Protein chains: 2
Amino acid sequence: MTSEVGPTSRVTMATVAEVAGVSVASVSNALNERVGLSPEVRSRILAVADGLGYRRNTLAQELRIGRSRTVGLSVVDLANPFYADLSQGVIKTAGEHAYDVFLSSVGPESESLKEVVDGFMDRRLGGLLFTSLTNADAELLRRLQKLAIPFVKLVRDVQGVVADWVGIDDYSGGVALGEHIAATGRKTVACLGGPSDSNASASRVNGIRVGLARNGINLINESQPNLHGTPTRMSGYDRAMNLLQKDSSIECIIGGNDVIAIGILDACKDKGFSVPEDIAVAGFDNMTFSSAGPLDLTTVDVPREQIGAIGMKFLIERMDGFNGPPRRKFLPFDVAIRSSTSPKNV
Amino acid sequence: MTSEVGPTSRVTMATVAEVAGVSVASVSNALNERVGLSPEVRSRILAVADGLGYRRNTLAQELRIGRSRTVGLSVVDLANPFYADLSQGVIKTAGEHAYDVFLSSVGPESESLKEVVDGFMDRRLGGLLFTSLTNADAELLRRLQKLAIPFVKLVRDVQGVVADWVGIDDYSGGVALGEHIAATGRKTVACLGGPSDSNASASRVNGIRVGLARNGINLINESQPNLHGTPTRMSGYDRAMNLLQKDSSIECIIGGNDVIAIGILDACKDKGFSVPEDIAVAGFDNMTFSSAGPLDLTTVDVPREQIGAIGMKFLIERMDGFNGPPRRKFLPFDVAIRSSTSPKNV
DNA sequence: CTGAAAGCGCTTACAG
DNA sequence: CTGAAAGCGCTTACAG
């Protein structure tokens, strides 16, 4: 019982050094593939380390060298598959470059962005990736810039904070979606966008407005407060119910993202409207399940995984010392036309 | 330019000590609320630390004390909202107890479970949470037990590894679902389960089989290899297409989880079968979007968030030194009956 | 009530 | 080619 292998008896470099009959410095040199070690000693050390099941203590290493190969990724709503896909892109690219990802969730159920960032900084992470910024976060980001901590903004951008950003041209996406809706022949169209303090949400709504206007259509809820709102299913449901109650002649409701659109679909069902016969519904994002058989939601296909992948690539370059001017990378998108907006007469 | 505030100039306890005119030990004592400091000195130190924007270096602290308030959570498929909900439960409970969560994704796109666990151990995390174990992982878990690293198994269990587990009685869930399907009047029923090396998947299929058998119904694909498979949408689609091609008289297909069921729905759509008129479809998990208006999938409602919350609670107790016998916590579940299995004659 | 000193497990100039 | 020593930023007995 006394020979129990507890966590305190973990093998360290000192253990390896002792067994191999060399100094700790040589163990470190061998493990880090530095030059100046005779091949024999090197392989002996490696063999001993392996035999003992040695694993480097990341805490000690990072404390010593003052750098970390772990990056922080903050995500607002883990339950939104859009962010799951984006995270996969980040994680995959990180793995390819031997980086790890510390994923933190921001939201009512978890911590505020400030708390998350504090946690990231307390761990001295090498760099940060943000998915859902608002202009209110500008100060936080500027603090990071002062401390020379590299970060990349994904999807949403923040005014006045010049830094790498990856996303799509949400405005043009909105225009394309608006044009598509107009082409289906619907004239009475409402839009239930995301929060107005998200630059992406605002651009999407602006684009949708313009795409429709080019075809002589004005949003019926243009000056109503429901034009913007929380990007949740519940909010989409509530706002859609409200619209449908007041005006049953609506021919189409566009959600600022797919999750909102799901809420709109819920409301249509509860109100007994069938899609697309009675009413058309569209979203934005193309989250995984939007293409599910019965859902079949028309949406703007945002390259979610690629945004994560390129964002991570940008971040790695910054951590590796790249010091060029901030980049803004617009990725191509598509309008995924599905049956939720099929022409009425079909 | 030379006064740039770089990461090297971060304020440490030494900085605070100097400014406050005390020793580093006193700063540490003040920050950790240990007794024996005069209230005046204590509050002065705290004020100085605050003014300087001091933040404790977690790496140094954890290295020194040999314990960590961060736990590791391994998730197979981030894109499956089931795990997103479960993760939210873990994260929320962790936050309430001042713990952090290091979320890692296991899968073809990312790392193997062994790599993930190695990463967790290299960081000397305080405890681990596993979501998707198979019996092949038994050895890995036993290694953790030898090192006295606390962990909790979620959803799936592993034979031969006695440790805390939280989930539902998947077998009974299957029985209840099978009985429901039988009650809808369908007789020709197939089941496309998850992987056979997942104890949860196996139990679900066993339960479904028994629930149907009690009503005189046998699975039509009982001895076919497609009874088990990958728990992905693609696999559900492929296997369902195969079934539908061979036998168009099938009245119901049950998926081993909701993601598989989505694939089944995709296949039904492509084959021109309408749900539930031509064919009924059911799943298992009740992931968020299964209730979406047009999807409206019948499924077993697994308390996803609660599994995460209670699992985290168990883990905290272990990290706090609780040394009682391993617990097995079965949470209550429900069958969420929706229109995808509505009776044919309606 | 407060401080000097050792040490957690590493890495890195610097001697030899 | 190899090792002794200092130090990353903390915490914790132990003196005073």
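Computed from a predicted structure; not experimentally measured. To find a chain, count down the sequence lines: A is the first, B the second, and so on, and within it residues start at 1.
- Taking a pair as Watson-Crick or G-U with both hydrogen-bonding distances under 3.5 Å, the stems of three or more pairs touching DNA chain D are C:1-3 with D:14-16, C:5-12 with D:5-12, C:14-16 with D:1-3.
- The main-chain N or O of P39(A) is found under 3.5 Å from a side-chain atom of S43(A) such that the two form a donor-acceptor pair.
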Going through the distances and angles, do S26(B) and R42(B) end up as a side-chain hydrogen bond (donor to acceptor under 3.5 Å, both in side chains)?
CA-CA 8 Å; S26(B) 291; R42(B) 202 179 110 70; over 6 Å; no

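- Using a 4.0 Å cut-off between charged side-chain N and carboxylate O, K313(B) and E317(B) make a salt bridge.
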For the pair R156(B) and S198(B), evaluate side-chain hydrogen bond (donor to acceptor under 3.5 Å, both in side chains) and give the outcome as yes or no after the intermediate values.
CA-CA 7 Å; R156(B) 294 192 192 169; S198(B) 150; 3.0 Å; yes

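- The CG atom of L31(B) sits 13 Å away from the C1' atom of dG9(D) (whole-angstrom rounding).
- Qualifying side-chain hydrogen bond (donor to acceptor under 3.5 Å, both in side chains) partners for N80(B), counting only residues two or more places apart in sequence or in other chains: none.
- Note on K114(B) versus E139(B): no salt bridge recorded, every NZ/NE/NH1/NH2 to OD/OE distance being 4.0 Å or above.
- Side chain of R124(A) to backbone of S68(A): no donor-acceptor contact under 3.5 angstrom is found.
- In this structure, R56(B) reaches the dT11(D) phosphate: one of its side-chain N or O atoms is under 4.0 Å from OP1 or OP2.
- Look at K329(B) and D164(B) and you find no salt bridge, because none of the NZ, NE, NH1 or NH2 atoms lies under 4.0 Å from a carboxylate O.
- Under the 4.0 Å criterion applied to side-chain N and carboxylate O atoms, D118(A) and R143(A) are assigned as salt-bridge partners.
- Taking side-chain N and O atoms only, Q61(B) has no distance below 4.0 Å to OP1 or OP2 of dG9(D).
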Starting from the C-alpha separation in whole Å, work towards a yes-or-no answer on side-chain contact (heavy atoms from CB on, under 4.5 Å) for V161(B) and R142(B).
CA-CA 7 Å; V161(B) 178; R142(B) 272 193 282 265; 4.0 Å; yes

Between the protein and nucleotides 14-16 of chain C, are there any N/O to N/O pairs under 3.5 Å, and if so, what are the atom names and distances?
none

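- Judged by distance alone, the side chain of N135(B) and the main-chain N or O of V158(B) form no donor-acceptor pair under 3.5 Å.
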Could you write nucleotides 1-8 of chain D as a row of B, S and -, 5' to 3', where a protein heavy atom under 4.0 Å of any base atom gives B, of only sugar-phosphate atoms gives S, and otherwise -?
SBBB-BBB

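- Look at CG on L59(A): it is 15 Å from C1' on dT11(C), rounded to the nearest Å.
- Between the side chain of W165(B) and the main chain of R327(B), no donor-acceptor pair closer than 3.5 Å is present.
- DNA chain D is contacted by no residue of residues 117-125 of chain A, taking any non-hydrogen atom closer than 4.0 Å.
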Side-chain donor-acceptor pairs under 3.5 Å in residues 45-57 of chain A, sequence neighbours left out?
from   : atom 1 : to      : atom 2 : distance (Å)
R55(A) : NH1    : D122(B) : OD1    : 3.2
R55(A) : NH1    : D122(B) : OD2    : 2.7
R56(A) : NH2    : N32(A)  : OD1    : 2.6
N57(A) : OD1    : L59(A)  : N      : 2.9
N57(A) : OD1    : A60(A)  : N      : 3.2

